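The structure appears below as structure tokens.
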Amino acid sequence: MISLIIPLYREEQGLDATVAAARKALGALAQSCEIILVDDGSDDGTWDAIARHAAAGGVRGLRLSRNFGKEAAICAGLEASRAQAAIIMDGDLQHPPELIVQMVELWRGGKADIVEAVKPRRPREPLTARLGSMVFYRLLRRLSGFDLTGASDFKLLDQRVCEAYRRMGERALFFRGMIAWLGFRRVQIPFEVPDRPNGRSKWRFGALWSLATTGLTAFSSSALRIVNWLAAVFLVLAVVLGVRALWVFFTGQPGAGITTVIILQLLTGGFVLLGLGIIGEYIARIYEEVKARPRYVVAERTGSNE
């Protein structure tokens, strides 16, 4: 069996088209399939629409007790699946369902345990979003060694990969990074991101910033070493300025003005606060992990395995 997992948040308007396209793509496979729809705490009629499709058969629904985020919704779907392979696809049809057949063929041929769809270029989006994405992926590559440029959540995972993912117990979830960390054989399929047929993206700056900091802190401790380097630079600078100040004092030369002192204090204070902020992010990650709360809570289920 193959599971198609679709995380949803306020997707009532386009859900019928998404399910229809998914059923058509899965219908071309000579293998039993199921669709798992995960409602990430939507406050519209998304769950009612999921229940209607589940009643028609071939669809299972999970309703999270609140909005835990897309990463948690993907995790809930993967933990609910016990199929030979699982495919993760967005519910806004920006992941072309017609690629599913090609992904499954590559997996069946034994060429890969992970088949991932990648974006050769980013879709049309604001300049700030493109710049933010570019900076994030370059930082992640330099700090962690994982190059996720062009990566998407549109992936097929073999059962072995799914089992390995379920054993990863961290609460700070970053699906793309976690799958990259697992390794396994993989094949990439390029795809062009089509325009959204309905609605607008639910991602906001705050959510993207949170995901970015989670990705950077969860997969590398290199940022902490930046604090050490900053401390070393300022220690050398302090020694140099101290020696210069003593030289000026003993030789009777004019000392540096108040402007130099203020600039040095502002620079020192700014870098100290930056270092404290970096350390604070890692402490926050530790705090979330030691609480050991569940990553999500399922409030309701519908479908064949209610």
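Since we're looking at a predicted model, the values are computed, not measured.
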(message) If hydrophobic clusters are built by linking Ile, Leu, Val, Met, Phe, Trp and Tyr wherever their side-chain heavy atoms come under 4.5 Å apart, do V187 and I2 end up in the same one?
(response) yes
(message) Using the rule that Ile, Leu, Val, Met, Phe, Trp and Tyr join whenever any side-chain heavy atoms are under 4.5 Å apart, tell me whether I88 and M168 fall into a single cluster.
(response) yes
(message) side chain to side chain contact (heavy atoms under 4.5 Å, CB included) for D153 and K70? Distances and angles first, verdict last.
(response) CA-CA 10 Å; D153 294 331; K70 181 183 178 183; 2.9 Å; yes
Any side-chain heavy atom of [X] sitting closer than 4.5 Å to one from [Y]?
X: V59; Y: R23; answer: yes
X: V161; Y: L182; answer: yes
X: C75; Y: Y296; answer: yes
X: V101; Y: V104; answer: no
X: I87; Y: I5; answer: no
X: L4; Y: C33; answer: no
X: R295; Y: L173; answer: yes
X: F154; Y: I189; answer: no

(message) Looking at R63 and D40, is there a salt bridge between them, counting it only when a charged N and a carboxylate O are closer than 4.0 Å?
(response) no
(message) Using a strict threshold of under 4.0 Å (side-chain N to carboxylate O), is an ion pair present between D113 and R186?
(response) no
(request) Using the side-chain hydrogen bond (donor to acceptor under 3.5 Å, both in side chains) rule, pick out the option among D44, D43, T46 that qualifies with R10. (result) D43
(message) Nearest 0.5 Å, please: how far is CG in L15 from CG in D39?
(response) 9.5 Å
Counting only N and O atoms by type, is there a donor-acceptor contact under 3.5 Å from the side chain of [X] to the main-chain atoms of [Y]?
X: S81; Y: A86; result: no
X: D158; Y: R160; result: yes
X: Q84; Y: M1; result: yes
X: T18; Y: G91; result: yes
X: H95; Y: D90; result: yes
X: R171; Y: R285; result: no
X: R60; Y: G58; result: no
X: R166; Y: L78; result: yes

[X] side chain to [Y] side chain, donor-acceptor N/O pair below 3.5 angstrom:
X: Q188; Y: E116; value: yes
X: D16; Y: H53; value: yes
X: Y165; Y: E79; value: no

(message) Run the side chain to side chain contact (heavy atoms under 4.5 Å, CB included) test on I114 and W107 for me, step by step, so that the C-alpha distance in whole Å, both residues' side-chain angles and the decisive distance to 0.1 Å come before the verdict.
(response) CA-CA 7 Å; I114 300 172; W107 167 69; over 6 Å; no
Mind listing the closest non-hydrogen atom pair of [X] and [Y] along with its distance?
X: A299; Y: S65; result: CB-CA, 3.8 Å
X: Q94; Y: F191; result: O-CE1, 3.5 Å
X: G41; Y: Y9; result: O-CE1, 3.8 Å
X: G77; Y: I36; result: O-CD1, 4.1 Å
X: L156; Y: A85; result: CD2-CB, 4.2 Å

(request) Please confirm whether R66 makes a cation-pi placement over F68, using NZ or CZ under 6.0 Å from the six-membered ring centre and within 45° of the ring normal. (result) yes
(request) Apply side chain to side chain contact (heavy atoms under 4.5 Å, CB included) to V115 and K155, showing your working. (result) CA-CA 6 Å; V115 182; K155 304 179 188 297; over 6 Å; no
(message) Before you tell me yes or no, could you show the steps for L8 and V38 under side chain to side chain contact (heavy atoms under 4.5 Å, CB included), namely the whole-Å CA-CA distance, both residues' side-chain angles and the distance that decides it to 0.1 Å?
(response) CA-CA 6 Å; L8 302 166; V38 184; over 6 Å; no
